[in-house]
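Contents: one structure, followed by commentary.
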2 protein chains.
Amino acid sequence: MALTDDAIDKIKQMIISGRLAPGDRLPREADLATQLGLSRNSLREAVRALALINVLDVRQGDGTYVTSLAPGMLTEAISFIVDLQHDGSVLEFLEVRRLLEPAATSLAAYRMSDEDVAGLADLLDSLGESPTLEALVENDQEFHRRIARASGNDVLASLIESVSGRTHRARVWRGLTQDSAVARTLDEHRAIQLALAQRQPDVAQAYASVHVAGVEQWLRRTLAEAGDQPNLG
Amino acid sequence: MALTDDAIDKIKQMIISGRLAPGDRLPREADLATQLGLSRNSLREAVRALALINVLDVRQGDGTYVTSLAPGMLTEAISFIVDLQHDGSVLEFLEVRRLLEPAATSLAAYRMSDEDVAGLADLLDSLGESPTLEALVENDQEFHRRIARASGNDVLASLIESVSGRTHRARVWRGLTQDSAVARTLDEHRAIQLALAQRQPDVAQAYASVHVAGVEQWLRRTLAEAGDQPNLG
DNA sequence: GGGCAGAATACATCCGATGACTTGGCTCGG
DNA sequence: CCGAGCCAAGTCATCGGATGTATTCTGCCC
């Protein structure tokens, strides 16, 4: 079907060409439809599709706007797609995460501000003695999110956040079934934070590698033992 | 707006839960609309949005199907989003590519079949003596695509393909403005192929790093000299 | 058995109408 | 003069139905 797809492409081109800048408001549905030579319904399908991947922001009663288009917007969109991957590819996502996370951690050792490094320690402290598994995983995600952001590369941070979401359930599962996992996670977080504080990129990177590889190895072993995959959902 | 968004989410959940498996055909628009309790128009918006990111495959006169959902489908969807990033983030994409590409090349040194390694040599040979810039870039992309695929990690391959698309224009630009770039690219490709053939992961990885870093450094220098960004479009 | 015409099926597109939400201005009381 | 609340305009949300178009299947004809 050419018509609606054309519309999607035209809007995309308007943005790429700069005719529509981030924050700009689009013409009314009716006007834009006329402009592009199609009906309002067809245009709406195009707009909806672009809104799903966060390119457009539709506000009822107000209008439709172009989003910031910052790399950060990649996260949600990619996460949506990533959610649909089957469990069979969790290992692949973990493998990718093992490539990205240490790199980001290394960069963060150079670039993270002293305040933010201290903030990481506070974050870890906030967990208390015997946190719930839920709180732990939440804390885990926030810890890595902050480090990814501190890498100074928004694209990298977005990708990490996206693929991490996919491995989330695996981490919960591990916490439930492997007693030592919780303590080990906490220890490794401490070690990473310390390396960041001491501005040792290589050490921070190594700990990050170990950290992700731990989950990966556990999952590999679990899958091999079980003979098939655990229900990660 | 809850209604259409709900529909998107419901379809997504049907897929995640397994009620809709890859390859399955969805009920007719009218039926599904009734099932989900909304009008055909609204449903169509939801379907269109999911089709844009390759989750659904709509065939006029036939029906709507769930795609394979293989990690490979990530590529097109992510590329679409990546296309919309502004030139300012090209460096960030290159930085990420510099993380992923060497890793994939290293893996390929272990996993690529002998035939495929030989095929890489053929691919490079096919360029001839003095290729056009267009042919070179095309050849360049195919070369890296094959290596990425050979990593055995489809998620990794998809991500590489996505971010590489974004750096494509930068590479063309470099070929146009830096005389030595063409010869250097060819040399580095040869070196990577050779390392793969000799099953030297570390060497292959190093050359891949150098290869990407070359573009990156050139772009950094160019941006610094120009004081602003070249028009990469 | 093969090919073609036509029916059946399903998506594509459009139109017009009505509802719902947001914003901003305007009125009115303090 | 200022603020609260009301009101109207603008815009998207949703619907139902009608018509066009592409694909597939079926059955007839050769």
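Throughout, protein chains are lettered first and strands after them, A, B, ... in sequence-line order, and every chain is numbered starting at 1. Computed over heavy atoms, backbone and side chain alike; hydrogens, waters and symmetry mates excluded. What you are looking at is a predicted structure, and each value in this text was computed from that prediction instead of being measured.
- At the phosphate of C/dT13, OP1 or OP2 sits under 4.0 Å from a side-chain N or O atom of A/Thr4.
- Atom CZ in B/Arg25 sits roughly 7 Å away from atom P in C/dC11 (whole-Å rounding).
- The CD atom of B/Gln60 sits 8 Å away from the C1' atom of D/dT23 (whole-angstrom rounding).
- Distance A/Asn41 CG to C/dG16 P: 12 Å, rounded to the nearest Å.
- Scanning residues 28-36 of chain B for heavy-atom distances under 4.0 Å to DNA chain C yields B/Arg28, B/Glu29.
- The two residues A/Gly63 and A/Arg25 have their closest heavy-atom pair at CA-NE, 4.2 Å.
- For the OP1/OP2 pair of D/dA13 and a distance below 4.0 Å, the side-chain nitrogens and oxygens of B/Ser42 include no atom meeting the criterion.
- Applying the 3.5 Å distance criterion, the base of D/dG10 shares no donor-acceptor pair with the side chain of A/Asp62.
- Residue A/Arg40 is classed as a base contact, given a heavy-atom separation below 4.0 Å to a base.
- For a distance-only test at 3.5 Å, the side chain of A/Arg48 fails to qualify as a donor-acceptor partner of the base of D/dA13.
- Between B/Asp154 and B/Arg149 there is no salt bridge, since none of the side-chain N atoms of the basic residue sits less than 4.0 Å from a carboxylate O of the acidic one.
- The distance from atom CG of A/Leu56 to atom C1' of D/dT11 is 15 Å, rounded to the nearest whole Å.
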**OP:** Kindly indicate, with the supporting measurements, whether the criterion salt bridge (charged side-chain N to carboxylate O under 4.0 Å, His left out) is fulfilled by B/Asp83 and B/Arg166.
**Re:** CA-CA 6 Å; B/Asp83 278 348; B/Arg166 191 64 188 78; 5.7 Å; no
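- Following rounding to the nearest Å, B/Asp5 (CG) and D/dA13 (C1') show an atom-to-atom distance of 11 Å.
- Using a 4.0 Å cut-off between charged nitrogen and carboxylate oxygen, B/Arg220 and B/Glu95 count as a salt-bridge pair.
- In this structure, B/Arg44 reaches the bases: a heavy-atom distance under 4.0 Å links it to at least one base atom across the strands shown.
- The interatomic distance linking A/Leu3 (CG) with D/dG20 (P) rounds to 16 Å, in whole Å.
- B/Leu43 has its CG atom 14 Å from the P atom of C/dA10, to the nearest Å.
- Evaluation of the side-chain hydrogen bond (donor to acceptor under 3.5 Å, both in side chains) rule for B/Gln193 yields no partner, not counting sequence neighbours.
- Residue A/Glu29 places its CD atom among more than 12 non-hydrogen atoms of other residues, nucleotides or ligands, all under 6.0 Å distant.
- For the pair B/Thr64 and C/dC11, the criterion of a side-chain N or O lying under 4.0 Å from OP1 or OP2 is met.
- Crowding of B/Glu76 atom CD: a count of heavy atoms from other residues, nucleotides or ligands under 6.0 Å not exceeding 12.
- Straight-line distance from the CG atom of B/Asp6 to the P atom of D/dC15: 11 Å, rounded to whole Å.
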